[in-house]
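The figures here come from the full heavy-atom set of this structure, side chains too, leaving out hydrogens, waters and symmetry mates. Below, chains carry the letters A, B, ... as their sequence lines are ordered, and counting in each starts from 1.
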2 protein chains.
Amino acid sequence: MSIDRRSGCPINLSLEVFGDRWSLIILRDMIFGGKRHFRELLNSSLEGIASNILADRLKRLMELGLLTKADDPSHKQKAIYSLTEMAITLVPIMAQLGAWGRVWLPVTEELSIRAELLEKGGPPLWEQFMDELRHEHLGLPSKTPPDTPTVRQQLRAAYEEVVARKAEAPSV
Amino acid sequence: MSIDRRSGCPINLSLEVFGDRWSLIILRDMIFGGKRHFRELLNSSLEGIASNILADRLKRLMELGLLTKADDPSHKQKAIYSLTEMAITLVPIMAQLGAWGRVWLPVTEELSIRAELLEKGGPPLWEQFMDELRHEHLGLPSKTPPDTPTVRQQLRAAYEEVVARKAEAPSV
DNA sequence: CAATCCGATTGCATTTTGCAATCAGTTGCA
DNA sequence: TGCAACTGATTGCAAAATGCAATCGGATTG
């Protein structure tokens, strides 16, 4: 599959890649949720993606060069999807989208705390996160010291803290 | 019209606003092209938007709070569309989208020079541009000195320089 | 050996899209 | 006055995309 090529404008071409309601959602779940398998993406999807759409988009994202697929050695039927460098460099776009949505749209607190953290961390934190993703998905050596908490751990901890706080002190 | 609200995730909600093939294109033409009228948007569109889709998206963007519409005093039928603050703050997203597309997609040189300039200028240039847009669309006083060239003028000059250069020295 | 899980695929109704034609009112010009 | 051009749209229709449930054959687990 190649994109339509309505015009050579970079914004248009970017839209042709993920100007739909699902592609970026899938990439979000892989980047921030660490999801690598079909079923993980299908069942954990907050937005309830249908399996045929998921299959179609995974295929499309592979054809566009954003994902690769490999056999999972632990299970002959399992496939592991990996992000390519092209997909990993979407992190700044995701961060900006999250920051904008957090300001202007009716987000929930527990789902926006990660966007807030990512926004406050700024480009240095994005770089660290991309470095981790390159390690995870491309097998590259990580440049961050091994004793520092990973960005995903930080995001997860912040999310769980909000959830716990809201559970013990439910809003009126 | 309100958005679907599949989930309260900021990235999802942002996608529900412009996760389609046309909304951001229209906003791009208004932000970077300075287009304010229906016909301008219809006829200048590189990607060839259809008039019913344009009408539908303008209506939708107004309902979502990204645009406002006002009568044009010079012509009883003309409507002037204006960006709201919500739309103006999309500039960083546009810049990131352009930067990403420029690296990974088959952009043309003349259409990507603006993205390059915007990327190199970074957040300070984005701020100046948003300041200009607030002046243009919201009537706010501009903070930038009146003798400095506007960002849109800079972008336009860079574009025209590339076009001129390519015309006099056509590629083989 | 049955239940469950794996990554999909199929069929079908609904919705969205792309495209061309058209609309009624306004303007500019002869 | 007459008429062409232009204004922001709307309509009709075919094609494509989407949402949803059911299902597939193979692999694994208990």
- Message: Does D:dT7 have its OP1 or OP2 closer than 4.0 Å to a side-chain nitrogen or oxygen of B:His37?
- Response: no
- Just compare C:dC6, C:dT17, D:dT18 and give me whichever is closest to any side-chain atom of A:Arg39. C:dC6
- Task: Specify the closest pair of heavy atoms between A:Leu138 and A:Leu83, including all atoms of both residues, with the distance to one decimal.
- Result: CD2-O, 3.4 Å
- To the nearest Å, how far apart are B:Asn52 CG and C:dT17 C1'? 8 Å
- Take the protein atom CG of A:Asp56 and the nucleotide atom P of C:dG11, then report the distance between them rounded to whole Å. 16 Å
- Rounded to whole Å, CG of B:Asp72 lies from P of C:dT26 at a distance of 14 Å
- Query: Which one, C:dG7, C:dT26, D:dA9, comes nearest to the side chain of B:Lys69?
  - Reply: D:dA9
- Task: With the side chain counted from C-beta on, respond yes when B:Asp29 and B:Ile26 share a heavy-atom pair under 4.5 Å apart, and no when they do not.
- Result: no
- Rounded to whole Å, the NE2-C1' distance (A:His75 to C:dG7) equals 10 Å
- Whole-Å distance between D:dA21 P and A:Ile49 CD1? 15 Å
- Message: What is the separation between atom CG on A:Leu42 and atom P on C:dG7, rounded to the nearest whole Å?
- Response: 9 Å
- Separation of C:dT17 atom P from B:Glu47 atom CD, nearest Å, is 16 Å
- Task: Take A:Gly48 and B:Tyr81, find for each the nucleotide of DNA chain D with the closest heavy atom, and name the residue whose nucleotide sits nearer the 5' end.
- Result: B:Tyr81
- Between A:Phe129 and A:Phe32, does the ring centroid distance fall short of 6.0 Å? yes
- Does one hydrophobic cluster hold both B:Leu61 and B:Ile53, with members joined at side-chain heavy-atom distances below 4.5 Å? yes
- Query: So do A:Asp20 and A:Arg57 actually touch side chain to side chain, heavy atoms under 4.5 Å?
  - Reply: yes
- Of the nucleotides D:dG8, C:dT17, D:dT18, which one has an atom closest to the side chain of A:Asp20? D:dT18
- Query: Of all the choices, D:dG8, D:dG12, C:dT27, which nucleotide is nearest to the side chain of B:Lys76 once you look at every atom?
  - Reply: C:dT27
- Side chain of B:Ser51 only, please: which of D:dC20, D:dA27, D:dT10 is the nearest? D:dT10
- Would you say a side-chain N or O of B:Trp22 is under 4.0 Å from OP1 or OP2 of C:dG18? yes
- Message: Please confirm whether the shortest side-chain N or O distance from B:Arg57 to OP1 or OP2 of C:dT17 is below 4.0 Å.
- Response: yes
- Query: Expressed in angstrom and rounded to an integer, what is the separation of B:Ile80 atom CD1 from D:dA9 atom C1'?
  - Reply: 17 Å
- When B:Ile53 and A:Gln77 are each assigned the nearest nucleotide of DNA chain D, the 5'-most assignment goes to B:Ile53
